[in-house]
Every structure is written in C-alpha cells, then in structure tokens.
Amino acid sequence: MYTILVHGGAGNIPEDKAQAHLEGAKEAVKAGSEILKSDGSAMDAVEAAIKVMEDNPTFNAGTGSVLTFEGEVEMDAAIAYGPNLDFGAVAGVKNIRHPISLARLVMEKTDHVLLAGQGANDFAKLMGFEYHDPITPQRKAQWEKYRQEFMNGNYKDWPKLRELFKEHPEFLHGTVGAVAIDSHGETAAATSTGGVFLKLLGRVGDTPIPGAGTYATIEGASSSTGLGEGMMRILFTKTALDFLRDGLDAQHAAESAINYLDNFVGTDAGIIIVDRNGNVGIHHNTPNMTWAYLKDGMNEISCGI
Ligand code: GLY
C-alpha cells in the first residue's frame, strides 16, 4: 500500500497556464510513485517529487521562484519524517537548484532543524551544491511590472502586505508540496517555495516552520500553500494532523483545517494531507490549487486544479 499526493500551489491560476500546472504536478507524482512502487521510502518519494517541480519554471519553487522587492530570489524548503517527527528546513537560501535536498541534509547531517540565510548557503557549499541562478526571464518581467505598479502608487495604500495579497491572489500561487505514505507505513511531507512576490529581504513564510507549512506524524503528512503569514499563526499543517488524530479522515481534516484558518486569520490557502490508511485530503479556499495523486492499485494519476 502506498500513496503520493502533490500540490503546485493555491491562488488564481490563469486558464492558459492550467495545462502546464497539471502536467507538472503529474510529472512530480510519476517521479515519486516510481520510487514507492519499487518499495522505496516516502522520504525519497516526496524529495523526488519536489525536485521535479523545483526544476519546472511553471511553479514558484526552485527555478521560477518569485522575486523579492529588491529583485532577488530567496527560497524556503522543508521535509518532515512522520515516524519520529524529524524535520529539516532551509529559509532564505539563494542560488541553488534544489532547496528540498538541502533541507533533507539539514535533517540528516546536522543536529539542527532550520538553517537560514548565509548559514544555509554556507552549508550548501559544504555539501557540494553548485551555483544555480533560479531567476527566469518571465519572473523578472512580472517583478518589473508589479514593482513599477507599486512605485507608481497604482496600489492603494499598502500598510499590510496581507491586504495586498488578498486583492491580488495571483501573487501567491506556486509553492509546491508533496506528501506520501510508503509500503512500510512511513509518512513524509515536503514543501518548497520562492515565497511571495515583492516580499522584503529576510521574510520567511510558513514552508520551513515545523507544523506551519510542512508536517508529518505517525497519523499522516501534510503540506500547505498560500499566504504564510496567516498559516504560521495557527500552525496550519499541525492543526490539520491534529484533526486526523482526533478521528477525522484526510478529506474532512483538510476541510476542517481550512475552516479553522478562515475563522481565525482569513488567509488564502490550500492544503494536502495523506493519512495512515493512504487516504488523501485536498482542500483550498482560493479559486484554484493544482493537485495530483496516485494510490497503490490506481491505473492513472488523478489530478485537478
Ligand atoms: N506559503 C508560501 C509562503 O507564504 O511563503
């Protein structure tokens, strides 16, 4: 028995981009499910799935990440291992190809949980990661447009980034996530992101914070997408897995987590969950969230947006 489920971000995905999102999510599920089919681990499967999406410029993770206000890319990523609550994460890391693999090395090669900024980059160098420029021409052009609009005062007052992102959910979509359970019953979750457009340098979102954007326990595994500032405040993925522990199935846990978020912080978000029985939960309060999954016994990948 195994299941792998991925998301490609919540937000407002334009129709002409939908096919690329769906294909990208399916490719990620394929990479992860090949590992699970050959009795591989959930950890290897979620890492492989995320690496595929980090290499796909359609998504806001790795190559194709959104730019900060200053025009740089700072990426966050995290991986969680359910059986013993292990967790590894990086925040604000620059110029590497696969932040998710660096997050895993934080978990496996250090006594820490989260490395940030220059320290994360120094660790990447130590681990042999090569220089990689994740800025694509498309993201640069979007950044120039949004920044110009902001500088021209075309946005009404911007006292709170959150209000801005509520009005422009297209800024948000693109964080990628994967959750899996393997044939040994072990769960894992992984999430990777460039964060949100025009963020201040040094801003860290929910993705690398344990229980906020990424979490796994013996009950299940969860990854989220959306505006991190809200999700961090309610430990979104931990809350969702608490609902599993209280007896809800994966789908009801996902729905309850979004309801809880709506009631307390009202942030745009999406969530995916796999439970210990291999059931999936998929829910979002945004117009779109790309998702795809494969369970043992299914002939075809199921996907939606
Ligand atoms: N959920 C991605 C972020 O807020 O950084």
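Both ligands and their constituent atoms are indexed starting at 1 by order of listing. Quick caveat, the model's predicted, so the values are computed rather than measured.
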Check whether the side chains of E255 and N259 place a donor and an acceptor atom closer than 3.5 Å, and report yes or no.
no
With nothing but distance in play, are any N or O atoms of G228 less than 3.5 Å from an N or O of ligand 1?
yes
Show the atoms of ligand 1 that are less than 4.0 angstrom away from any heavy atom in T175.
1 (N), 2 (C)
Using heavy-atom distances only, which candidate in L227, T267, D206 approaches atom 1 (N) of ligand 1 most closely?
D206
So, does R203 sit close enough to ligand 1 that a heavy atom of it is under 4.0 Å from the ligand?
yes
Applying ring-ring contact (aromatic ring centres under 6.0 Å, His included) as the test, list every pair that has at least one member in residues 226-274; sequence neighbours left out.
Y260-F264
Passing option when R203 is tested against E70, E74, E229 for salt bridge (Lys or Arg N to Asp or Glu O under 4.0 Å)
E229
Contacting atoms of ligand 1, where contact means under 4.0 angstrom from a heavy atom of G226
1 (N), 2 (C), 3 (C), 4 (O)
Show which atoms of ligand 1 fall inside a sub-4.0 Å distance from at least one heavy-atom site of G205.
5 (O)
Strictly below 4.0 Å, N to O, side chains only: are K94 and E72 in salt-bridge contact?
yes
Identify, with sequence neighbours excluded, every residue that meets salt bridge (Lys or Arg N to Asp or Glu O under 4.0 Å) alongside E47.
R104
